[in-house]
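Quick notes on the structure that follows.
One-based numbering, in listed order, for ligands and for the atoms of each.
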Amino acid sequence: MIKKILVANRSEIAVRIMRAARDLGIKTVAIYSDVDTHAIHTKYADEAYPLEGDHAKDTYLDYRKIIGIAKKCNADAIHPGYGFLSENPNFAYSCEKEGIIFIGPSSGVIELMGNKIVARKTVALTGAPVVPGSTEEVTDINLALQISAEIGYPVIVKAAAGGGGIGMRIANNDKELNDAIEQSKKIAGSAFGNPSVFIEKYVTNPRHIEFQIIADNFGNIIHLGERECSIQRRHQKLIEEAPSPIMTEELRKKMGDVAVSIAKSINYTNAGTIEFIYTNGDFYFMEMNTRVQVEHPITEIVTGIDIVKQQILIASGEKLLLKQEDIKINGHAIECRINAEDPLNNFAPSPSKLKGYRSPGGIGVRVDSGVFTTYSIPSFYDPMISKLIVWGQNRAESIARMRRALYEYIIIGPKTNIPFHKAVLSNEKFIQGELSTHFISEQQAILTQTMNIINEEKSLQEKLKSIFRSDSKTAAIAAVVETYLRNRQ
Ligand code: MV4
């Protein structure tokens, strides 16, 4: 069994991983950049070591430095979390070579799934449905024209090293195709150092539905059901839910079986996610994420399974004790990503000090955060404050509970996207479960509604702020208000 885990990450996911380690009686090690000296993950861990610098490349991405620390403090394993080094095959390979357990799949599998052309080809060979398109890199424009003629426009050009929508271009005809390929290649080359691109039929109004899988080192693989992640903005997911509103037992079995067979075919180990694009009853493999994901808690809530704990047990060489038939989906969970950003200013980051902070609670509410009152959100990293997760016996109860939890949430200092979440959760289409990846861009009324909510809640915000005033100040304000009221009568 692993005895000490170095967590090569920061903020909420670092704390999330350390929680699982504590539950298992495993020691934890934090690493931190200069600006993260007072961050919560450094206090939560049993030991913490500085990575001098602030920029990711000098700190959370510097894997030689990180492996050096792991060796010095005798950590026998490293958990990479999400982002940063989590899908870097060279990092996983270095861990393997240095005899440190990388809590994730093998470096070979990370590399295989990291190239979207190779992933597509490998998955197609298992017989799983992939979106019609090219089977190889597209270098020749004549070949691109020929493929597009076969599958029909619109088509989408994607980077082999991509993911997260970077370098994607849509083409509606032959003329646009040439530009799309040129543009995509250029962006892919500069963003990933790999200009290789491929073509797929563009699915116009899809849902993003992904399956969580877990696999041990002995060939046992199960899935934990799906997550619907269609509510996103500029490829940043904002709200995720489990189960998907469109899911049936029958479809879950069908898609789940496909997800498991894909994982089996590549000898996948540890936790992973198979992303599908879904439209009108059809589904296609899109890509595989070889890491723990931001939205993993909604699956934990509806299955009762601690995914990070499973990751650690699997990496320790334990056999999976769960069987597919043990997995039951209980009720419904929603996650809202709470970001320090201004929904009225194009969602610009609003990193600043938390002058007041009180997270929601009560039945069915979970908050995974990396913050506390007086903490300053640094501008160096992504501005997520927390993940607010709720459970309900069904989708309606889950939505009501999320609205209640958003009402309870007090964040004073940065601008946040809480009013935006409130607007989405009262949107009729959302309530009906009519979702697609274009939901946010199509529902322009949500922005107006967000503005209305902000205006309507000004007095509520003032009331909430008062809980963070010192007693003397509160008394002084109360006296002023009282005098005012008396004089008015
Ligand atoms: C697609 C697609 C439609 N058809 N592929 C976006 C991120 C990456 N994971 C895959 N993505 C998409 N792939 C095919 N064949 C639609 C998306 C997509 C999207 C595309 C354009 C603009 C916004 C989008 C939002 C979510 C998903």
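Of the candidates Gln236, Arg207, His235, His235 brings a heavy atom nearest to atom 18 (C) of ligand 1. Comparing heavy-atom distances from atom 14 (C) of ligand 1 across Arg233, Glu200, Gln232, Glu210 singles out Glu200 as nearest.
Atom 16 (C) of ligand 1 has its closest protein heavy atom at Tyr202 CE1, 3.9 Å. Among protein heavy atoms, atom 4 (N) of ligand 1 sits closest to Val203 N, 2.9 Å. Looking only at heavy atoms of the protein, atom 11 (N) of ligand 1 is closest to Met168 SD, 3.7 Å. Looking only at heavy atoms of the protein, atom 5 (N) of ligand 1 is closest to Lys158 NZ, 2.9 Å.
Which parts of ligand 1 touch Glu287 is read off a 4.0 Å heavy-atom cut-off, strictly below it: atoms 9 (N). The ligand atoms of ligand 1 that sit less than 4.0 angstrom from a heavy atom of Ile277 are 1 (C), 2 (C), 3 (C), 4 (N), 5 (N), 14 (C). Near Val131, meaning under 4.0 Å from any of its heavy atoms, are these atoms of ligand 1: 15 (N). Near Lys201, with a cut-off below 4.0 Å to any heavy atom, the atoms of ligand 1 are 4 (N), 14 (C), 15 (N). Near Met286, with a cut-off below 4.0 Å to any heavy atom, the atoms of ligand 1 are 1 (C), 5 (N), 10 (C), 13 (N).
A salt bridge is absent between Lys185 and Glu182; no separation between the charged side-chain nitrogens and carboxylate oxygens falls under 4.0 Å. Between Arg207 and Glu228, at least one side-chain nitrogen of the basic residue sits less than 4.0 Å from a carboxylate oxygen of the acidic one, meeting the salt-bridge criterion. Classification of Lys422 and Glu457 as a salt-bridged pair holds, one side-chain N sitting under 4.0 Å from a carboxylate O.
Phe347 and Phe420 have perpendicular rings, their planes meeting at more than 60° on a 0 to 90° scale where under 30° would count as parallel.
No more than 12 heavy atoms of other residues, nucleotides or ligands lie within 6.0 Å of OH in Tyr93, so this atom counts as exposed by the packing criterion. Enclosure of atom CZ in Phe218 by more than 12 non-hydrogen atoms of other residues, nucleotides or ligands within 6.0 angstrom is indicated.
Glu275 counts as a contact of ligand 1, since one of its heavy atoms falls under 4.0 Å from the ligand. Contact annotation: His208 has no heavy atom less than 4.0 Å from any atom of ligand 1.
Aromatic ring centroids of Tyr284 and Tyr278 lie 6.0 Å or more apart. The distance between the ring centers of Tyr60 and Tyr32 does not fall below 6.0 angstrom.
Considering both main-chain and side-chain atoms, Thr437 never comes within under 3.5 Å of ligand 1 through any nitrogen or oxygen pair.
Note that Arg395 lies in the cation-pi zone of Phe430, set by a 6.0 Å cut-off to the ring centre and a 45° limit from the axis.
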